[in-house]
2 protein chains.
Amino acid sequence: MSTPELEQALRGAALRVTRPRLAVLTALHGHAHATTDEVLGLVRQQHPEVSHQAVYDVLRALTTTGLVRRIEPQGSVARYELRVGDNHHHLVCRSCGSIADVDCAVGAAPCLTPSEDHGFVVDEAEVIYWGLCRACAAPTVLPTLEPPAERGTR
Amino acid sequence: MSTPELEQALRGAALRVTRPRLAVLTALHGHAHATTDEVLGLVRQQHPEVSHQAVYDVLRALTTTGLVRRIEPQGSVARYELRVGDNHHHLVCRSCGSIADVDCAVGAAPCLTPSEDHGFVVDEAEVIYWGLCRACAAPTVLPTLEPPAERGTR
DNA sequence: CGTGCAATCTTGAACGAGTCAAATGAACAC
DNA sequence: GTGTTCATTTGACTCGTTCAAGATTGCACG
């Protein structure tokens, strides 16, 4: 995704075009499901002066305007991905915390419909599939190496 | 739910029967989706000496043994409910944060199946429906001030 | 019914993701 | 260019949750 495109996206959301914002968008373009801390690290590779707080502010601004989507699986810190407009869901590994995207199983509309809405006006259905990723589900009989190290869980 | 039943549930999970644990289970029985803090308050109504930390420990023990289910909607602190065995999901109000239960829309098995599993071994699908509850979706009429003079949206 | 071990609880401190606030700096409409 | 307003920096702070050490207590066993 080129810089002019990113600028246009920001202007389209009535946001000023700034260096930290472009850097955050670029970082997310290359790293889906990044944490705030990871985004900060990526941004600082290009712009070491960017502050902690700026990344939080930028991510909040982008999230509230819909340019970026925030996900927060249990036990994980917040993660962000570029909103691509489609209604996709997530696979989360209970062991290593890795996340993969999946398209909505039933298409866009039906998965918005609970069986009984209790009077709620529903506008979004969020689905998280929990399980084990290929690596963590593999038999742990690796001859020379240790089983997959645990990451991301506290 | 009576105390003997709760004791049996604890023993069945290989957990010792203690006063804080019985109190937490009782509290959750009467208050679904309670936060840790709310549970602590409820427990202390009967047993004022129970510590902060005990409630955290108890909730973790109950959660890991499956007696209690932990849910963590975006922007909310952790909430707990008695695991009743069924596979139900949640409606969450974006405005006030209230939570309601809904049965799984598609039954138990199908909603476990993403369209493409990326090699993941999925064992659970968690669904959160986001929207507005009946009260928050209602027109914002202030009761004690002047009566509503107009109708329609906005 | 005691005894002993380990699980559990109390107390108190610490951690860390995220937020608040004040002052400086930069976008961009004019 | 200039000025207003939005963004960012800096640094302190909140609050849910966890860690650690020592005191209790459930309960298996004799």
Side-chain angles (χ1 to χ4, degrees), chain A residues 3-4 6-25 27 33-41 43-44 46-65 67-68 70-80 97 150 152-154, chain B residues 3-4 6-25 27 33-41 43-44 46-65 67-68 70-80 97:
Chain A
T3 301
L6 298 177
E7 287 190 13
Q8 189 136 18
L10 286 171
R11 289 187 214 280
L15 294 175
R16 287 184 182 172
V17 177
T18 67
R19 202 170 284 278
R21 286 177 178 178
L22 290 174
V24 166
L25 286 175
H33 315 133
T35 64
T36 307
D37 213 51
E38 288 164 354
V39 171
L40 181 59
V43 167
R44 283 186 171 164
Q46 300 299 319
H47 308 286
E49 77 285 358
V50 170
S51 71
H52 181 68
Q53 187 64 359
V55 170
Y56 273 97
D57 285 347
V58 169
L59 286 171
R60 181 170 350 149
L62 296 176
T63 302
T64 57
T65 56
L67 290 179
V68 157
R70 174 186 176 124
I71 58 177
E72 232 174 286
Q74 301 233 3
S76 166
V77 299
R79 291 166 180 273
Y80 297 87
E150 283 198 25
T153 39
R154 276 191 292 154
Chain B
T3 300
L6 297 177
E7 288 190 13
Q8 188 135 18
L10 287 171
R11 289 187 214 280
L15 294 174
R16 287 185 181 171
V17 176
T18 67
R19 201 166 281 278
R21 288 178 175 175
L22 290 174
V24 166
L25 286 174
H33 315 133
T35 64
T36 307
D37 212 50
E38 289 165 352
V39 171
L40 181 59
V43 166
R44 283 186 170 162
Q46 301 299 320
H47 307 286
E49 77 285 359
V50 170
S51 71
H52 184 66
Q53 187 63 0
V55 171
Y56 274 95
D57 285 347
V58 168
L59 286 172
R60 180 167 354 147
L62 296 176
T63 302
T64 57
T65 56
L67 290 179
V68 157
R70 173 184 177 126
I71 57 177
E72 234 174 285
Q74 301 233 4
S76 166
V77 300
R79 291 167 179 273
Y80 297 86

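Values reported hereafter were calculated over all heavy atoms of this structure, with side chains retained and with hydrogens, waters and symmetry mates removed. Naming: A, B, ... by sequence-line order, numbering from 1 per chain.
Residues H33(A) and E38(A) approach most closely at O-OE1, 4.1 Å, considering heavy atoms. Minimum interatomic distance between S51(B) and R44(B) (heavy atoms only, all atoms of both residues): CA-NH2, 3.8 Å. Nearest approach of H47(B) to A23(B), heavy atoms of both residues: CD2-CB, 3.8 Å.
Note: CG (L40(B)) to P (dT18(D)) measures 15 Å, nearest angstrom. Remark: P of dA17(C) and CD1 of I71(A) are 17 Å apart, rounded to the nearest angstrom. Between the CG atom of L22(A) and the C1' atom of dT8(D) there is a distance of 14 Å, rounded to whole Å. When the C1' atom of dT8(D) is taken as reference, atom CZ of R60(A) falls 13 Å away, rounded to whole Å. At whole-Å resolution of the value, CZ in R21(A) and P in dC6(D) are 11 Å apart. Whole-Å rounding puts the R79(A) CZ to dG18(C) C1' distance at 16 Å. Per the geometry, CD belonging to E38(A) stands 14 Å off C1' belonging to dA17(C), to the nearest Å.
Taking the side chain of A54(A) as heavy atoms from C-beta on, and the options dT9(D), dT19(C), dA7(D), the nearest nucleotide is dT9(D).
By the salt bridge (Lys or Arg N to Asp or Glu O under 4.0 Å) test, R79(B) is found to be paired with no residue, residues two or more places apart in sequence or in another chain being considered.
Between Y56(A) and dG18(C), a side-chain N or O to OP1/OP2 separation shorter than 4.0 Å is present. At dG18(C), one or more side-chain N or O atoms of T36(A) fall inside 4.0 Å of OP1 or OP2 (strictly under the cut-off).
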For nucleotides 23-30 of chain D, read 5' to 3', which letter fits each nucleotide if B means a protein heavy atom sits under 4.0 Å from the base, S means only the sugar-phosphate is that close, and - means neither? --BBS---
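For the atom pair OH (Y80(A)) and OG1 (T36(A)), the distance works out to 4.5 Å, reported to the nearest 0.5 Å.
The C1' atoms of five pairs define one axis at each end of the helix from dC1(C)-dG30(D) to dC30(C)-dG1(D), and these two axes lie 40° apart (to 10°).
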Residues 53-65 of chain B side chain polar contacts: donor-acceptor under 3.5 Å, at least two apart:
{"residue": "T63(B)", "atom": "OG1", "partner": "L59(B)", "partner atom": "O", "Å": "2.6"}
{"residue": "T64(B)", "atom": "OG1", "partner": "R60(B)", "partner atom": "O", "Å": "3.1"}
{"residue": "T64(B)", "atom": "OG1", "partner": "A61(B)", "partner atom": "O", "Å": "3.1"}
{"residue": "T65(B)", "atom": "OG1", "partner": "A61(B)", "partner atom": "O", "Å": "2.9"}
{"residue": "T65(B)", "atom": "OG1", "partner": "L62(B)", "partner atom": "O", "Å": "3.2"}

Only distances under 3.5 Å count here; give the side-chain donor-acceptor pairs of residues 6-22 of chain A to other protein atoms, sequence neighbours excluded, each with its distance to 0.1 Å.
{"residue": "E7(A)", "atom": "OE1", "partner": "R11(A)", "partner atom": "NH2", "Å": "3.3"}
{"residue": "T18(A)", "atom": "OG1", "partner": "R21(A)", "partner atom": "N", "Å": "3.4"}
{"residue": "R21(A)", "atom": "NH1", "partner": "R16(A)", "partner atom": "O", "Å": "3.1"}

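For the pair P20(A) and A78(B), both in contact range of DNA chain D, the more 5′-proximal nearest nucleotide belongs to P20(A).
Within 4.0 Å (heavy atoms only), D57(A) reaches at least one base atom of the nucleic acid. Among the atoms of the strands shown, none is found under 4.0 Å from any heavy atom of A61(B).
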Apply side chain to side chain contact (heavy atoms under 4.5 Å, CB included) to V68(A) and L25(A), showing your working. CA-CA 8 Å; V68(A) 157; L25(A) 286 175; 4.3 Å; yes
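Contacts between residues 46-53 of chain A and DNA chain C, counted as heavy-atom distances below 4.0 Å, involve H52(A), Q53(A).
No donor-acceptor distance shorter than 3.5 angstrom exists from the side chain of Q46(B) to the backbone of V43(B), with no hydrogens or angles considered.
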